[in-house]
Amino acid sequence: MYDVIIIGSGITGAFIAHFLAKYDIKVLVLEKDVEVSDGVTKANSAIIHSGYDPKPNSLKAKLNVLGNKMYGDITKELNVNFKRIGSYTLAFDKEEEVQLKKLYQQGNKNKVETYLLGKKELRAKEPNIKETVRLGLYAPTTGIIAPWEIVYALLENAIYNGVELKTNHEVIDIKKEKNIFCVKTKENTYYTRYVINASGLFAHKITQMVTNDVDYEMRYTRGQYYVIDRGYDDYVNSVIYPTPTNKGKGVLIVPTIHGNILLGPTSEIVDNPNDTEVTKDGLHYIKEHIDYMMNHTPYKGIIRSFSGIRPKTSREDFIIEELKDVKHFIQVAGIESPGLASAPAIAKMVEDSLLKKEQLPMKSDYRVYKQKNLKISEKPIDEINRLIKQNPKYGKIICRCESITEGEIIDAIKGPLGIKTVDGIKRKVRPGSGRCQGGFCQPLIIEILARELKVRKTDILLNNVGSNILIVETKQSGGEK
Ligand SMILES: Cc1cc2nc3c(=O)[nH]c(=O)nc-3n(C[C@H](O)[C@H](O)[C@H](O)COP(=O)(O)OP(=O)(O)OC[C@H]3O[C@@H](n4cnc5c(N)ncnc54)[C@H](O)[C@@H]3O)c2cc1C
């Protein structure tokens with residue numbers, strides 16, 4: 001019997017698990033995918049927005065501003081990469097200028113530090129902004145992070161402090177009898193006093209399992225991106241936004257925490273929450289909108305494209321509430337942008353709402369599990385040599401583009417999350433994120449995973465069930481032809 005079951009291991013579920021790990025209660029996280037952070041949280045702009053953009057007095061505004069502030073301490077505590085690189089929102093015509101001045105007022109209402117800057121100051125800071133720029137809104141608190149890195153760190157810390165995680169456990173039904181929820185997955189049945197529904201694109205489906213009274217509709221909008229290789233640091237220093245429209249924040253330029261640049265996203269309504277297709281039209285749209293704002297965009301450095309789906313609802317704000325007709329069922333739905341930036345504050349709100357009723361006891365032996373942030377190749381040479389002496393596998397480079405060693409990959413497999421897939425390893429330690437996109441290292445990763453997990457290479461998955469990369473061993477006696 002659990003006290004709390006959290007459904008979903010994206011940024012929302014991970015932050016909730018992290019905060020609840022301090023209490024002396026039994027907490028279980030159920031995730032349908034084979035790895036954590038494989039939903040909306042894996043494919044977005046990775047910006048910790050400052051908070052001037054959401055409508056004043058909305059939950060989005062309140063939680064974005066608070067969440068942005070909270071990221072500083074939490075990333076320091078867990079030793080996760082996070083940088084406040086600031087952002088410029090740009091206006092190129094009279095109409096956009098008027099809109100930007102309104103945004104500045106809105107920023108003041110939301111209590112976000114912002115400054116209006118003219119063309120000269122903007123181009124001094126970001127020389128590749130077009131000469132046609134008229135006005136810019138500078139927000140120094142805008143930050144960047146690798147979303148899955150913080151999820152991995154939060155969940156590793158939660159597991160270290162007693163929270164249980166079961167991946168590949170899709171919740172298929174929930175019943176409530178005499179104040180106890182019976183939560184069914186394809187594999188098992190679990191009992192709990194509280195359910196927290198943090199299931200992203202599928203939040204309404206989970207809520208429908210306990211009530212007929214779901215008062216919102218889900219809408220999905222796809223955002224496509226280009227990824228530019230590392231090594232184009234002189235292109236931009238900060239996040240660049242266009243003036244937002246009623247379709248959203250628009251097509252952005254985002255330096256990533258690992259030195260790449262993202263261009264995107266688009267905003268297209270799709271019917272299917274799994275429709276992450278990348279299209280010629282989408283990519284063309286990105287270029288068109290980037291060229292409106294910037295000179296010298298290093299398109300020659302593009303190494304990948306991808307897309308993510310936003311979980312919007314008809315209520316248009318975050319929905320964070322206990323169901324009126326089902327006590328102890330807390331839904332955390334409609335967590336679209338700025339959901340990543342707001343996640344710590346969303347989790348705090350959930351924590352407070354539980355605590356208000358429960359007066360939960362604190363754990364006496366809570367300890368923080370800090371990320372090692374090994375990154376062997378970036379350490380001083382003496383330390384690299386010392387580590388290689390301890391474990392020669394730290395001296396064997398597997399991913400040449402990102403200089404990732406076999407030792408780092410094995411640490412990821414043996415770590416608290418027990419990573420099993422090629423994409424899981426990529427998110428944890430980055431092999432396959434570089435210029436060759438895994439062309440060189442993927443077969444080696446499969447080999448290491450199979451050896452460490454003691455399974456066949458043909459059992460190794462790219463990400464989810466059914467995504468096996470190898471189908472049959474060649475050159476084996478009696479093997480399939
Ligand atoms: C294109 C795009 C750009 C964005 N850019 C930004 C940005 O720059 N800054 C920002 O603040 N926000 C941004 N966002 C929003 C942000 O990514 C989301 O708000 C956030 O990732 C949502 O996290 P989540 O944990 O709520 O959902 P998810 O990450 O989707 O996690 C939900 C989890 O629940 C699991 N699940 C679903 N159903 C079940 C089930 N039945 N049983 C068990 N598990 C289940 C899923 O597999 C998933 O892992 C962007 C979003 C998109 C799509």
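The residues of the chain are indexed from 1 along the displayed sequence. Indexing begins at 1, ligand by ligand and atom by atom, following the structure's order.
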Query - Output field: ring centroids Y292/F92 closer than 6.0 Å - result: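 Yes, the ring of Y292 comes within the 6.0 Å limit of the ring of F92, centre to centre.
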**Report entry** Whether H169 lies under 4.0 Å from ligand 1, heavy atom
**Finding:**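 So H169 counts as touching ligand 1.
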**Report entry** Residues R427, D38; criterion salt bridge (Lys or Arg N to Asp or Glu O under 4.0 Å); working and verdict
**Finding:** CA-CA 10 Å; R427 286 203 286 272; D38 207 24; 3.2 Å; yes
Report task. Test salt bridge (Lys or Arg N to Asp or Glu O under 4.0 Å) on E408 and K428 and set out the steps. Result -> CA-CA 9 Å; E408 288 162 282; K428 178 71 186 165; over 6 Å; no
Assess, by modelled atom type and distance only, whether the side chains of [X] and [Y] contain a donor and an acceptor separated by less than 3.5 Å.
X    : Y    : answer
T266 : Y225 : no
N197 : T207 : yes
N68  : R84  : yes

Which residue and atom name correspond to the protein heavy atom nearest [atom], and how close is it?
atom                    : value
atom 30 (O) of ligand 1 : V40 N, 2.9 Å
atom 10 (C) of ligand 1 : L340 CB, 3.3 Å
atom 43 (C) of ligand 1 : K32 N, 3.2 Å
atom 5 (N) of ligand 1  : S45 N, 3.2 Å
atom 27 (O) of ligand 1 : G200 CA, 3.6 Å
atom 4 (C) of ligand 1  : N44 CB, 3.2 Å
atom 32 (C) of ligand 1 : A198 O, 3.4 Å
atom 49 (O) of ligand 1 : E31 OE1, 2.6 Å

**Report entry** Option whose closest heavy atom lies nearest to atom 13 (C) of ligand 1, chosen from G51, S337, P311
**Finding:**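 The option holding the nearest heavy atom is S337.
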Report task. Test K348 against D352 for salt bridge (Lys or Arg N to Asp or Glu O under 4.0 Å), laying out the working first. Result -> CA-CA 6 Å; K348 191 89 192 66; D352 289 349; 3.3 Å; yes
Taking only Lys NZ, Arg NE, NH1 and NH2, and the carboxylate oxygens of Asp or Glu, determine whether [X] and [Y] approach each other closer than 4.0 Å.
X    : Y    : answer
K324 : D213 : no
D3   : R193 : yes
D229 : R435 : yes
K55  : E316 : no
E402 : R230 : yes
E322 : K357 : yes

Hey, what's the ring geometry for [X] with [Y], parallel, tilted or perpendicular (30° and 60° as the breaks)?
X    : Y    : result
F19  : F15  : tilted
Y52  : Y241 : perpendicular
Y369 : Y160 : tilted

Tell me whether [X] has any N or O atom under 3.5 angstrom from an N or O of ligand 1.
X    : value
I11  : yes
T12  : yes
I7   : no
L201 : no
S342 : no
H49  : yes
E170 : no
S37  : no

Please work out, at 4.0 Å between heavy atoms, whether the side chain, the backbone, both, or neither of [X] comes within that distance of ligand 1.
X    : result
V171 : both
P147 : neither
T185 : neither
E336 : backbone
A46  : backbone

Query raised in the report: What distance do I290 atom CD1 and L263 atom CG have between them, rounded to the nearest 0.5 Å?
Result: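 With rounding to 0.5 Å, CD1 (I290) is 4.5 Å from CG (L263).
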Which ligand 1 atoms are under 4.0 Å away from a heavy-atom of [X]?
X    : answer
S9   : 33 (C)
P338 : 10 (C), 11 (O), 12 (N)
D33  : 47 (O)
S199 : 32 (C), 34 (O), 36 (N), 37 (C), 38 (N)
A341 : 10 (C), 11 (O)
L30  : 43 (C), 44 (N)
I47  : 7 (C), 8 (O), 9 (N), 10 (C), 11 (O)
G8   : 33 (C), 34 (O), 35 (C)

Query raised in the report: Does K22 reach the side chain of N161, with side-chain heavy atoms less than 4.5 Å apart?
Result: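 No, their side chains stay 4.5 Å or more apart.
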